[in-house]
Amino acid sequence: MNELQNNRVSIKGTFTIFFLLFLLLNTGCSVSRDQKRGKVFPKQFHHQVKFTTLKHIIILPALVEGKTRNFLFDTGAQLSVIQRDSLQGKKQKVSGASNRSITMGIEKVSSIAIGPVEFRSTKAVNGDLIGLKEKVPDFGGLIGQPIIQKANWLIDYPNQMMTVSSNRFDKEGFQHVKIKRKGGSPFVELNILDQTYSAIIDMGSSANLSIPEDHPLAEIIQQKYNFELNSRDVYTLGGSQKIEEQVGTIEAVELGEMRFDNVYTDIRNTSKLRLGMRFFKDCQIVIDQASGDYWIKKE
(Lines give C-alpha, C1' and ligand atoms only; values in the text may rest on other atoms or scores of the structure.)
Protein backbone atom coordinates (compact mmCIF):
# COMPACT_ATOMS: atom_id res chain seq x y z
CA MET A 1 0.00 0.00 0.00
CA ASN A 2 1.30 3.46 -0.88
CA GLU A 3 2.32 5.26 2.30
CA LEU A 4 0.37 8.32 1.19
CA GLN A 5 -2.82 6.33 1.62
CA ASN A 6 -2.19 6.38 5.36
CA ASN A 7 -1.54 10.10 5.54
CA ARG A 8 -4.11 12.44 7.01
CA VAL A 9 -4.08 16.18 6.38
CA SER A 10 -4.45 18.30 9.48
CA ILE A 11 -6.18 21.64 8.93
CA LYS A 12 -6.37 24.07 11.82
CA GLY A 13 -8.96 26.81 11.52
CA THR A 14 -10.10 28.41 8.32
CA PHE A 15 -8.41 30.69 5.81
CA THR A 16 -9.36 32.60 2.72
CA ILE A 17 -8.41 31.45 -0.75
CA PHE A 18 -9.16 33.39 -3.92
CA PHE A 19 -10.77 31.88 -7.01
CA LEU A 20 -11.17 34.58 -9.60
CA LEU A 21 -11.93 32.94 -12.92
CA PHE A 22 -14.38 35.17 -14.76
CA LEU A 23 -16.43 33.64 -17.55
CA LEU A 24 -18.53 35.99 -19.63
CA LEU A 25 -21.78 34.38 -20.62
CA ASN A 26 -21.05 34.98 -24.31
CA THR A 27 -20.00 32.63 -27.07
CA GLY A 28 -16.34 31.63 -27.02
CA CYS A 29 -15.93 33.41 -30.37
CA SER A 30 -16.98 36.81 -28.98
CA VAL A 31 -14.72 36.44 -25.92
CA SER A 32 -11.74 35.60 -28.15
CA ARG A 33 -12.51 38.67 -30.29
CA ASP A 34 -12.66 40.88 -27.20
CA GLN A 35 -9.31 39.53 -26.02
CA LYS A 36 -7.63 40.56 -29.28
CA ARG A 37 -8.77 44.17 -29.13
CA GLY A 38 -6.30 46.86 -28.13
CA LYS A 39 -2.62 47.57 -28.74
CA VAL A 40 0.66 47.85 -26.83
CA PHE A 41 2.96 50.91 -26.81
CA PRO A 42 5.81 51.14 -27.51
CA LYS A 43 6.13 48.36 -30.09
CA GLN A 44 9.46 47.26 -28.61
CA PHE A 45 9.64 46.88 -24.83
CA HIS A 46 11.37 44.93 -22.10
CA HIS A 47 10.52 45.73 -18.48
CA GLN A 48 11.19 43.94 -15.22
CA VAL A 49 9.01 44.55 -12.17
CA LYS A 50 9.03 43.21 -8.63
CA PHE A 51 5.74 41.70 -7.52
CA THR A 52 4.22 40.80 -4.17
CA THR A 53 1.83 37.97 -3.38
CA LEU A 54 -1.35 37.35 -1.42
CA LYS A 55 -2.16 33.70 -0.70
CA HIS A 56 0.30 32.82 -3.50
CA ILE A 57 -1.45 35.07 -6.06
CA ILE A 58 0.75 37.57 -7.92
CA ILE A 59 0.04 41.27 -7.32
CA LEU A 60 1.45 43.73 -9.88
CA PRO A 61 1.49 47.54 -9.66
CA ALA A 62 -0.07 49.15 -12.74
CA LEU A 63 -0.99 52.71 -13.68
CA VAL A 64 -4.63 53.26 -14.59
CA GLU A 65 -6.42 56.62 -14.86
CA GLY A 66 -3.37 58.43 -13.49
CA LYS A 67 -3.03 56.35 -10.32
CA THR A 68 -0.85 53.35 -9.51
CA ARG A 69 -3.01 50.54 -8.21
CA ASN A 70 -2.45 46.88 -7.36
CA PHE A 71 -3.76 44.24 -9.78
CA LEU A 72 -3.96 40.47 -9.47
CA PHE A 73 -2.33 38.65 -12.39
CA ASP A 74 -4.97 36.15 -13.47
CA THR A 75 -4.52 33.81 -16.46
CA GLY A 76 -7.96 32.39 -15.69
CA ALA A 77 -9.71 35.74 -16.24
CA GLN A 78 -11.13 35.87 -19.77
CA LEU A 79 -11.30 39.66 -19.52
CA SER A 80 -9.51 42.06 -17.22
CA VAL A 81 -11.43 43.50 -14.27
CA ILE A 82 -11.49 47.10 -13.07
CA GLN A 83 -12.52 47.82 -9.49
CA ARG A 84 -15.24 50.48 -9.51
CA ASP A 85 -17.66 51.44 -6.76
CA SER A 86 -20.48 51.64 -9.31
CA LEU A 87 -21.01 49.86 -12.63
CA GLN A 88 -20.06 51.57 -15.87
CA GLY A 89 -21.11 50.67 -19.39
CA LYS A 90 -23.39 47.92 -20.65
CA LYS A 91 -24.42 45.38 -17.99
CA GLN A 92 -23.48 41.70 -18.35
CA LYS A 93 -23.99 38.60 -16.23
CA VAL A 94 -20.61 37.10 -15.32
CA SER A 95 -19.99 33.73 -13.69
CA GLY A 96 -17.02 32.66 -11.59
CA ALA A 97 -15.12 29.58 -10.48
CA SER A 98 -17.65 28.62 -7.82
CA ASN A 99 -20.53 28.73 -10.35
CA ARG A 100 -21.89 31.93 -8.80
CA SER A 101 -22.79 34.85 -11.05
CA ILE A 102 -23.22 38.62 -10.66
CA THR A 103 -23.93 41.58 -12.90
CA MET A 104 -20.92 43.65 -13.95
CA GLY A 105 -20.29 46.51 -16.36
CA ILE A 106 -18.34 46.19 -19.60
CA GLU A 107 -15.87 48.86 -20.69
CA LYS A 108 -12.92 49.62 -22.92
CA VAL A 109 -10.00 50.68 -20.74
CA SER A 110 -8.08 53.52 -22.37
CA SER A 111 -4.78 52.59 -20.72
CA ILE A 112 -3.26 50.15 -18.23
CA ALA A 113 0.51 50.61 -17.90
CA ILE A 114 3.04 48.27 -16.28
CA GLY A 115 6.06 50.52 -15.96
CA PRO A 116 6.69 51.99 -19.44
CA VAL A 117 4.61 49.29 -21.16
CA GLU A 118 1.16 50.65 -21.97
CA PHE A 119 -1.79 48.45 -22.96
CA ARG A 120 -4.34 50.67 -24.70
CA SER A 121 -8.04 50.17 -25.48
CA THR A 122 -8.36 46.69 -23.94
CA LYS A 123 -11.68 45.15 -22.91
CA ALA A 124 -12.60 44.68 -19.24
CA VAL A 125 -15.52 44.15 -16.94
CA ASN A 126 -16.00 46.36 -13.90
CA GLY A 127 -17.68 46.18 -10.54
CA ASP A 128 -17.30 46.59 -6.81
CA LEU A 129 -15.40 43.54 -5.53
CA ILE A 130 -16.36 43.89 -1.89
CA GLY A 131 -14.27 41.65 0.34
CA LEU A 132 -11.32 41.59 -2.02
CA LYS A 133 -10.73 45.32 -2.20
CA GLU A 134 -10.40 45.38 1.60
CA LYS A 135 -7.60 42.78 1.48
CA VAL A 136 -5.49 44.34 -1.29
CA PRO A 137 -4.31 47.92 -0.60
CA ASP A 138 -5.07 50.26 -3.53
CA PHE A 139 -6.83 47.40 -5.28
CA GLY A 140 -7.28 48.07 -8.99
CA GLY A 141 -8.70 44.79 -10.27
CA LEU A 142 -7.39 41.87 -12.34
CA ILE A 143 -5.00 41.72 -15.27
CA GLY A 144 -6.63 39.17 -17.58
CA GLN A 145 -6.20 37.66 -21.02
CA PRO A 146 -6.69 40.84 -23.13
CA ILE A 147 -3.42 42.10 -21.62
CA ILE A 148 -1.62 38.79 -21.04
CA GLN A 149 -2.01 37.73 -24.68
CA LYS A 150 -0.32 40.91 -25.99
CA ALA A 151 3.15 40.30 -24.56
CA ASN A 152 5.68 37.67 -23.55
CA TRP A 153 5.95 37.11 -19.80
CA LEU A 154 8.63 35.59 -17.61
CA ILE A 155 7.42 34.85 -14.10
CA ASP A 156 10.22 34.08 -11.64
CA TYR A 157 8.03 33.11 -8.74
CA PRO A 158 10.74 32.12 -6.20
CA ASN A 159 12.40 35.54 -6.63
CA GLN A 160 9.08 37.39 -7.07
CA MET A 161 10.14 39.02 -10.32
CA MET A 162 8.06 39.52 -13.48
CA THR A 163 9.46 40.47 -16.90
CA VAL A 164 7.18 41.67 -19.70
CA SER A 165 8.71 41.87 -23.16
CA SER A 166 7.98 42.20 -26.86
CA ASN A 167 10.86 39.76 -27.47
CA ARG A 168 10.67 36.01 -26.95
CA PHE A 169 12.58 34.67 -23.94
CA ASP A 170 15.44 32.18 -23.97
CA LYS A 171 13.88 28.86 -22.95
CA GLU A 172 17.03 26.84 -22.30
CA GLY A 173 16.42 24.57 -19.31
CA PHE A 174 12.65 25.03 -19.52
CA GLN A 175 10.13 22.28 -20.29
CA HIS A 176 7.54 22.90 -23.00
CA VAL A 177 3.89 22.72 -21.93
CA LYS A 178 1.35 22.67 -24.77
CA ILE A 179 -1.62 24.97 -24.22
CA LYS A 180 -5.10 24.47 -25.65
CA ARG A 181 -7.36 27.53 -25.65
CA LYS A 182 -10.99 27.13 -24.63
CA GLY A 183 -12.95 30.37 -24.63
CA GLY A 184 -9.60 32.14 -24.61
CA SER A 185 -8.47 30.45 -21.35
CA PRO A 186 -5.32 28.27 -21.11
CA PHE A 187 -5.85 24.52 -20.61
CA VAL A 188 -3.21 21.79 -20.24
CA GLU A 189 -3.24 18.03 -20.06
CA LEU A 190 -2.38 16.42 -16.72
CA ASN A 191 -1.48 12.79 -16.13
CA ILE A 192 -2.79 11.47 -12.81
CA LEU A 193 -2.78 7.75 -12.01
CA ASP A 194 -2.05 6.96 -15.69
CA GLN A 195 -5.10 8.87 -16.90
CA THR A 196 -5.13 12.15 -18.83
CA TYR A 197 -7.27 15.10 -17.76
CA SER A 198 -7.74 18.65 -19.06
CA ALA A 199 -7.16 21.41 -16.50
CA ILE A 200 -7.11 25.19 -16.64
CA ILE A 201 -4.00 27.08 -15.53
CA ASP A 202 -5.61 29.66 -13.28
CA MET A 203 -3.02 31.97 -11.73
CA GLY A 204 -5.84 33.94 -10.13
CA SER A 205 -6.47 30.96 -7.87
CA SER A 206 -4.32 30.28 -4.83
CA ALA A 207 -5.15 26.58 -5.00
CA ASN A 208 -2.63 23.86 -5.74
CA LEU A 209 -4.77 21.27 -7.54
CA SER A 210 -8.52 21.79 -7.30
CA ILE A 211 -11.02 19.16 -8.48
CA PRO A 212 -14.77 19.72 -9.02
CA GLU A 213 -16.76 17.46 -6.71
CA ASP A 214 -18.70 16.00 -9.68
CA HIS A 215 -15.57 15.34 -11.77
CA PRO A 216 -14.74 11.63 -12.48
CA LEU A 217 -11.28 12.19 -10.97
CA ALA A 218 -12.80 13.13 -7.59
CA GLU A 219 -14.18 9.64 -6.97
CA ILE A 220 -10.99 7.93 -8.18
CA ILE A 221 -8.77 10.05 -5.94
CA GLN A 222 -10.91 9.55 -2.83
CA GLN A 223 -10.90 5.78 -3.32
CA LYS A 224 -7.09 5.66 -3.48
CA TYR A 225 -6.07 8.27 -0.91
CA ASN A 226 -7.37 9.39 2.46
CA PHE A 227 -9.19 12.72 2.27
CA GLU A 228 -10.86 14.55 5.13
CA LEU A 229 -13.56 17.17 5.43
CA ASN A 230 -12.46 20.78 5.84
CA SER A 231 -14.42 24.04 6.22
CA ARG A 232 -13.04 27.42 5.26
CA ASP A 233 -13.87 30.87 3.92
CA VAL A 234 -13.41 31.35 0.19
CA TYR A 235 -13.41 34.54 -1.86
CA THR A 236 -14.90 34.13 -5.30
CA LEU A 237 -17.11 36.07 -7.64
CA GLY A 238 -19.95 37.56 -5.57
CA GLY A 239 -17.93 37.83 -2.36
CA SER A 240 -16.80 35.64 0.48
CA GLN A 241 -18.55 32.39 1.36
CA LYS A 242 -17.94 29.49 3.73
CA ILE A 243 -17.47 26.19 1.92
CA GLU A 244 -16.90 22.55 2.78
CA GLU A 245 -14.42 20.48 0.82
CA GLN A 246 -12.45 17.27 0.93
CA VAL A 247 -8.69 17.78 1.25
CA GLY A 248 -5.74 15.44 0.98
CA THR A 249 -2.44 14.74 -0.75
CA ILE A 250 -2.00 12.71 -3.93
CA GLU A 251 1.23 11.03 -4.87
CA ALA A 252 2.08 12.67 -8.20
CA VAL A 253 0.83 14.88 -11.01
CA GLU A 254 2.60 14.88 -14.37
CA LEU A 255 2.54 18.05 -16.47
CA GLY A 256 4.29 17.45 -19.78
CA GLU A 257 7.61 15.83 -18.90
CA MET A 258 7.58 17.23 -15.36
CA ARG A 259 6.47 15.34 -12.27
CA PHE A 260 5.14 17.14 -9.20
CA ASP A 261 5.16 14.97 -6.06
CA ASN A 262 2.90 15.02 -2.98
CA VAL A 263 0.38 17.47 -4.42
CA TYR A 264 -2.03 19.01 -1.91
CA THR A 265 -5.51 18.73 -3.43
CA ASP A 266 -8.98 20.00 -2.67
CA ILE A 267 -12.28 18.58 -3.95
CA ARG A 268 -15.07 21.14 -3.87
CA ASN A 269 -17.81 22.94 -5.77
CA THR A 270 -15.75 24.56 -8.50
CA SER A 271 -16.37 24.97 -12.21
CA LYS A 272 -13.18 23.42 -13.66
CA LEU A 273 -10.31 21.11 -12.84
CA ARG A 274 -7.60 23.69 -12.20
CA LEU A 275 -3.97 24.29 -11.32
CA GLY A 276 -3.64 27.37 -9.13
CA MET A 277 -0.63 29.54 -8.38
CA ARG A 278 0.42 27.43 -5.39
CA PHE A 279 1.17 24.57 -7.81
CA PHE A 280 3.85 26.74 -9.49
CA LYS A 281 5.39 28.32 -6.37
CA ASP A 282 8.79 26.69 -7.04
CA CYS A 283 8.83 27.47 -10.77
CA GLN A 284 9.80 29.97 -13.40
CA ILE A 285 7.18 30.26 -16.14
CA VAL A 286 7.41 31.72 -19.63
CA ILE A 287 4.13 32.65 -21.34
CA ASP A 288 4.97 32.77 -25.03
CA GLN A 289 2.83 35.19 -27.05
CA ALA A 290 3.59 33.76 -30.52
CA SER A 291 2.73 30.12 -29.80
CA GLY A 292 0.40 30.69 -26.86
CA ASP A 293 2.26 27.90 -25.04
CA TYR A 294 3.93 27.88 -21.62
CA TRP A 295 7.50 26.91 -20.73
CA ILE A 296 8.24 25.90 -17.13
CA LYS A 297 11.40 25.34 -15.11
CA LYS A 298 11.31 23.90 -11.61
CA GLU A 299 13.78 25.35 -9.13
Side-chain angles (χ1 to χ4, degrees), residues 1-21 23 53-58 72 74-76 95-100 131-132 135 157-158 187-255 258-283 298-299:
M1 178 181 293
N2 190 297
E3 67 178 4
L4 286 174
Q5 291 178 271
N6 295 323
N7 288 349
R8 304 288 294 182
V9 177
S10 177
I11 305 293
K12 296 182 179 179
T14 61
F15 59 96
T16 301
I17 190 169
F18 302 104
F19 290 96
L20 291 166
L21 172 65
L23 301 173
T53 62
L54 176 64
K55 302 291 184 181
H56 298 288
I57 298 174
I58 293 170
L72 306 187
D74 188 356
T75 58
S95 63
S98 66
N99 297 311
R100 302 167 82 185
L132 184 54
K135 294 183 179 297
Y157 196 89
F187 283 78
V188 294
E189 289 190 347
L190 304 178
N191 187 289
I192 302 173
L193 298 175
D194 297 322
Q195 296 292 322
T196 301
Y197 302 94
S198 177
I200 186 172
I201 294 183
D202 184 2
M203 294 183 186
S205 164
S206 59
N208 196 329
L209 172 65
S210 189
I211 305 173
E213 57 191 6
D214 59 352
H215 195 284
L217 179 59
E219 182 178 356
I220 295 170
I221 289 297
Q222 289 180 94
Q223 288 177 352
K224 184 170 179 61
Y225 303 110
N226 286 330
F227 273 61
E228 69 175 20
L229 183 66
N230 179 55
S231 298
R232 60 187 167 98
D233 293 325
V234 172
Y235 182 89
T236 185
L237 191 63
S240 182
Q241 64 179 137
K242 187 174 289 294
I243 61 115
E244 289 190 345
E245 63 187 351
Q246 296 290 329
V247 295
T249 303
I250 65 176
E251 182 179 10
V253 173
E254 294 178 2
L255 174 60
M258 293 173 291
R259 174 184 166 114
F260 293 77
D261 295 316
N262 302 329
V263 177
Y264 179 82
T265 302
D266 65 76
I267 300 172
R268 58 176 294 260
N269 178 23
T270 186
S271 60
K272 296 284 189 297
L273 181 66
R274 73 187 66 242
L275 295 177
M277 201 62 236
R278 183 177 172 185
F279 187 85
F280 300 103
K281 63 182 177 62
D282 298 320
C283 298
K298 294 173 66 177
E299 291 292 300

*Kindly indicate whether the side chain of Thr249, heavy atoms from C-beta on, has any atom under 4.5 Å from the side chain of Tyr225.*
no

*Aromatic rings Phe279 and Phe260: how do their planes relate, parallel, tilted or perpendicular, breaks at 30° and 60°?*
tilted

*What are the two closest non-hydrogen atoms of Leu54 and Lys135, and how far apart are they?*
CD2-O, 4.1 Å

*Non-hydrogen atoms of Pro212 and Ser271 that approach each other most closely*: CG-C, 4.3 Å

*Could you tell me whether a side-chain N or O of Tyr157 sits under 3.5 Å from a main-chain N or O of His56, the two making a donor and an acceptor?*
yes

*Supply the atom-to-atom distance Arg278 CZ to Ser205 OG, rounded to the nearest 0.5 angstrom.*
10.5 Å

*Do Leu273 and Leu209 come within less than 4.5 Å of each other through their side chains, counting heavy atoms only?*
yes

*What distance do Met277 atom CE and Ile201 atom CD1 have between them, rounded to the nearest 0.5 Å?*
9.5 Å

*asked:* I'd like to check Asp202 versus Asp74 (side-chain heavy atoms, cut-off strictly below 4.5 Å). Are they in contact?
replied: yes

_Glu245 and side chain to side chain contact (heavy atoms under 4.5 Å, CB included): which single residue from Thr265, Ile267, Asn230, Thr270 fits?_
Asn230

_For the student: nearest non-hydrogen atoms of Ile243 and Arg268, plus distance_ = CD1-NE, 3.6 Å

_CD1 on Ile192 to CG on Asp194, rounded to 0.5 Å_ = 11.0 Å

*Looking only at non-hydrogen atoms, find the nearest pair between Glu299 and Pro158 and report the distance.*
CG-CG, 3.4 Å

*For the residue pair Ile57 and Gly204, what are the closest heavy atoms and their distance?*
CD1-O, 3.3 Å

*Taking atom CD of Glu213 and atom CG of Asn269, what is their separation to the nearest 0.5 Å?*
5.0 Å

*Side chain of Thr75, backbone of Met203: donor and acceptor closer than 3.5 Å?*
yes

*State the CD-CG distance between Glu244 and Asp266, to the nearest 0.5 angstrom.*
13.5 Å

*Taking all non-hydrogen atoms of both residues, which atom of Ile250 and which atom of Phe227 are closest, and how far apart?*
CG2-CZ, 4.1 Å

*asked:* Quick check for you: to the nearest 0.5 Å, what is the distance between Lys55 atom NZ and Leu72 atom CG?
replied: 13.5 Å

_Counting C-beta onward and ignoring hydrogens, is there a side-chain heavy-atom pair between Ile221 and Leu193 closer than 4.5 Å?_
yes

*Among Thr196, Leu190, Asn191, find the one that has a side chain to side chain contact (heavy atoms under 4.5 Å, CB included) with Glu254.*
Asn191

*Return yes if some donor-acceptor pair links the side-chain N/O of Lys298 with the main-chain N/O of Arg259 below 3.5 Å, else return no.*
yes

